[in-house]
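Below you'll find the structure, written out as structure tokens, and then a few comments.
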Amino acid sequence: GARLPVGLEGASPALLAALGAPVAAHPALAWSDARRRAPLRIARHWLLRFGVFGWLPTAVLFASYQMIAFGGWRGQWLLEGPRAWTETLVHWWIGTLVGLVLYAGFVRLLAEALAFGAAWIAPQRAPALRRAVEWAVALVYYAGIPALLAVRFLV
């Protein structure tokens, strides 16, 4: 005759309220719901972050290497041939992608820790904070990479 402790895990607060379940503003529930509704979904897509945007730092770093080592962006092509030039480009691209993935992961780790901590302090403000965190992450990534590149060449 006793009730089993059955519940919906991961359900949104709106769904729980519609089902008549008691909606306790649990911080983890508020955090996950805010994360699910987060804006800038396209800015977080891996193909844009690493596939398209990843060519910007790769091009700058590869061109600077070619200028310094071979006197021009086609210097290696003329000296060693297209295969050596392409292999060097691929090596620079892979190295840059590794750096971008590590940078994006570190920024995301800090952002999620901030958002989760804030959801525990004020669960009702989790959606607003999530929007701010997502905009900050996009700004730190998409403006931070060119800024770090500029610092590398100017200092």
Side-chain angles (χ1 to χ4, degrees), residues 8-16 25-155:
L8 293 173
E9 189 162 334
S12 70
L15 176 63
L16 291 174
H26 193 274
L29 184 61
W31 173 78
S32 67
D33 188 52
R35 189 169 198 278
R36 184 177 54 81
R37 297 175 191 225
L40 301 176
R41 191 173 305 259
I42 188 72
R44 292 191 318 257
H45 196 276
W46 66 270
L47 191 58
L48 177 65
R49 283 188 130 177
F50 307 118
V52 176
F53 182 76
W55 279 105
L56 170 74
T58 300
V60 171
L61 293 170
F62 176 72
S64 67
Y65 170 74
Q66 291 291 313
M67 295 286 186
I68 292 167
F70 298 101
W73 70 274
R74 279 187 24 193
Q76 187 178 19
W77 184 291
L78 298 174
L79 274 170
E80 299 174 357
R83 180 176 178 174
W85 186 89
T86 306
E87 285 176 356
T88 304
L89 175 62
V90 168
H91 286 137
W92 275 101
W93 183 53
I94 290 171
T96 303
L97 284 180
V98 168
L100 290 176
V101 168
L102 291 173
Y103 180 74
F106 180 72
V107 169
R108 177 58 60 183
L109 179 71
L110 292 178
E112 291 299 330
L114 175 72
F116 192 68
W120 277 91
I121 294 170
Q124 68 278 9
R125 302 196 69 163
L129 181 71
R130 172 54 70 174
R131 280 190 297 279
V133 164
E134 291 298 329
W135 278 101
V137 166
L139 181 68
V140 166
Y141 184 79
Y142 290 110
I145 297 295
L148 288 172
L149 226 68
V151 166
R152 179 175 179 169
F153 286 105
L154 296 176
V155 174

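This structure is a prediction, so every number in the text was calculated from the model and none was measured.
Residues satisfying the side-chain hydrogen bond (donor to acceptor under 3.5 Å, both in side chains) criterion with Gln66, sequence neighbours excluded, are Gln76.
Taking each heavy atom of Ser64 and Leu61 in turn, the nearest pair found is OG-O, 2.8 Å. In terms of heavy-atom proximity, Pro123 sits nearest to Pro127 at O-CD, 4.3 Å. Considering all non-hydrogen atoms of both residues, Leu48 and Ala43 come closest at CD2-CA, 4.1 Å. When all heavy atoms of Leu114 and Leu129 are compared, the pair lying nearest together is O-CD2, 4.2 Å. The shortest heavy-atom contact between Gly54 and Thr96 is O-CG2, 4.1 Å. Of all heavy-atom pairs spanning Ile145 and Pro57, the tightest one is CG2-CG, 3.9 Å.
Distance check: Arg130 CZ to Glu112 CD gives 4.0 Å after rounding to the nearest 0.5 Å. Rounding to the nearest 0.5 Å gives a distance of 4.5 Å between CG of Leu89 and CZ of Phe62. Glu134 contributes atom CD, which lies 4.5 Å from atom CZ of Arg108 (distance to the nearest 0.5 angstrom). His91 contributes atom NE2, which lies 11.5 Å from atom OG1 of Thr86 (distance to the nearest 0.5 angstrom). To the nearest 0.5 angstrom, Trp77 atom CH2 is 13.0 Å from Arg83 atom CZ.
Side-chain contact between Leu56 and Tyr142 is absent, with no heavy atoms from C-beta onward closer than 4.5 Å. When side chains are defined from C-beta on, Phe53 counts as touching Tyr141, because their heavy atoms get closer than 4.5 Å. Considering only heavy atoms from C-beta on, Leu97 stays 4.5 Å or farther from Thr58 through its side chain.
Ring-plane geometry between Trp92 and Tyr65 is classed as tilted, the angle between the planes lying from 30 to 60 degrees on a 0 to 90 degree scale.
Formation of a donor-acceptor pair under 3.5 Å by the Trp85 side chain with backbone atoms of Trp73 is found in this model.
The stretch residues 93-112 participates, sequence neighbours left out, in these ring pair (Phe, Tyr, Trp, His ring centres under 6.0 Å) pairs: Trp55-Trp93.
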